[in-house]
Amino acid sequence: MASPRVLSGIQPTADSFHLGNYLGAVRQYVSMQEGYDAFYCVVDLHAITVDYQPEALRRRSRVAAAQLFAAGLDPERSTVFIQSHVREHTELAWILICLTGMGEAGRMTQFKDKSARYGETSAGVGLFTYPILQAADILLYQANKVPVGADQKQHLELTRDLAQRFNHRFGETFTLPEPHIVKGVEKITDLQDPTAKMSKSSSSPGGILDLLEQPGPLRKKVMRAVTDTGTEILFDEENKPGIANLLRIQSALTGTPIPELEARYAGQGYGTFKKDVAEAVTETFTPIRERTEKLLADEAALDKMLAAGAAKARAVAAETMEKVRERAGF
Ligand code: ADP
Ligand code: NA
């Protein structure tokens, strides 16, 4: 039997992925190569739902793809591509938009959160239809599984509803995707504000660890991570969110369970512990940064990898769209 197909998209909205993206998404992508027919998509079309600069978008899409390869995605085993290279995404999105109710789209809580930043009337329509483009991404490839965190469950439900609606009205066409709940991925928080999620939209650069940063600045940020005034290394989310975050990071990077770390650092103070966290971060990031730099230095080779990924993706997408067009009356 063929391996189940998995699809995931990641936005190129910053110049580098950060530790949260790495642990929460990229590293999972790499491990899902085993046992899944994996499609990974740098979703540049999603990135234009908020303000952006064309040159920056083009650069960031390439850097994002290079980081995915550098982190261990093997183009022989996974299909890695840039969303806009496969035109079928926008075509299917339009057809699905026409099947979506205003009320249904309006219930998406992520739109409510994101549009609040702009004010309801100046948020773009693209931001409103974002989950429908996401549905197109998934359905085009007939994905069986979609890795989802809590904030994406609602979008996957919409995707399933749209697939069922299309199938019901026009004939069986789309596979209904199931959520793939990723285990062992916990939210990494901001080093300067350990109650907020580490995010590229963070206001304090000292709070995020970028995959492409040099060891010096990475170490400095870890050593300056906000903790409490105590000395004990204990996992206490409520009273010691900074230490809890560092324990999560160290556990995820070294594969050591948190209780074992607590025992190991008992009575040692924060300095020693932070030094080890900094070491684990730089040891993980450095080879990925170096491979990313190498990939970006040979533009023609990267173009070729991306063209090959897009061709593989397009073959599947085109097959789906042929059915869709035929059934939907085109
Ligand atoms: P950001 O918040 O930086 O904009 P995205 O929302 O684009 O990140 O998330 C891209 C992927 O990275 C998603 O799969 C998301 O779950 C994961 N991710 C982002 N931030 C974190 C974090 N702080 N901890 C764990 N996973 C994260
Ligand atoms: Na996201």
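Bear in mind that the values here come from a model prediction, so they are computed numbers and not experimental data. What's counted below: heavy atoms across the whole structure, side chains too, no hydrogens, waters or symmetry copies. All ligand and atom numbering here is 1-based and tracks the order in the structure.
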Problem set entry | Gln152 near ligand 1 by a heavy-atom separation under 4.0 Å | no

For this session: Report yes or no: does Gln11 have a heavy atom closer than 4.0 Å to ligand 1?
Result: no

Exercise. Pick from Glu319, Met321, Glu322: which one makes a side chain to side chain contact (heavy atoms under 4.5 Å, CB included) with Glu88?
Worked result: Met321

Problem set entry | Electrostatic pair Arg62:Asp303 at N-O distance under 4.0 angstrom | yes

Exercise. Does the pair Arg248/Glu237 count as a salt bridge with the N-to-O cut at 4.0 Å?
Worked result: yes

Seminar exercise, completed: Closest heavy-atom approach to atom 2 (O) of ligand 1 among Ser202, Ser8, Ser199 is made by Ser199

Exercise. Which atoms of ligand 1 have any heavy atom of Met198 under 4.0 Å away?
Worked result: 20 (N), 21 (C), 22 (C), 23 (N)

Seminar exercise, completed: Closest to atom 25 (C) of ligand 1 (heavy atoms only, candidates Gly9, Ala47, Gly20) is Gly20

For this session: Determine, using the 4.5 Å side-chain heavy-atom cutoff (strictly less than), whether Phe285 and Leu191 are members of one ILVMFWY cluster.
Result: yes

Seminar exercise, completed: Counting from 1 in the order shown, the ligand 1 atoms closer than 4.0 Å to a non-hydrogen atom of Ala25 are 11 (C), 12 (O), 14 (O)

Exercise. Do ligand 1 and Lys187 have nitrogen or oxygen atoms that lie under 3.5 Å from each other?
Worked result: no

Problem set entry | Distance flag, aromatic centroids of Phe128 and Phe111, threshold under 6.0 Å | yes

Exercise. Taking N or O atoms only and a 3.5 Å limit, does Ser201 qualify as a polar contact for ligand 1?
Worked result: no

Exercise. When only distance counts, is Thr189 in polar contact with ligand 1, meaning an N/O pair under 3.5 Å?
Worked result: no

Exercise. Which ligand 1 atoms does Lys197 reach within 4.0 Å, using its non-hydrogen atoms?
Worked result: 2 (O), 6 (O), 19 (C), 20 (N), 23 (N)

Exercise. Would Tyr141 and Phe81 count as a close aromatic pair, with their ring centres under 6.0 Å?
Worked result: yes

Problem set entry | Short N-O contact, Lys200 and Asp15, less than 4.0 angstrom | no

For this session: Salt-bridge test for Glu232 and Lys240: reply yes if a basic N is under 4.0 Å from a carboxylate O, no otherwise.
Result: no

Exercise. Is Thr13 in polar range of ligand 1, meaning some N or O pair under 3.5 Å apart?
Worked result: no

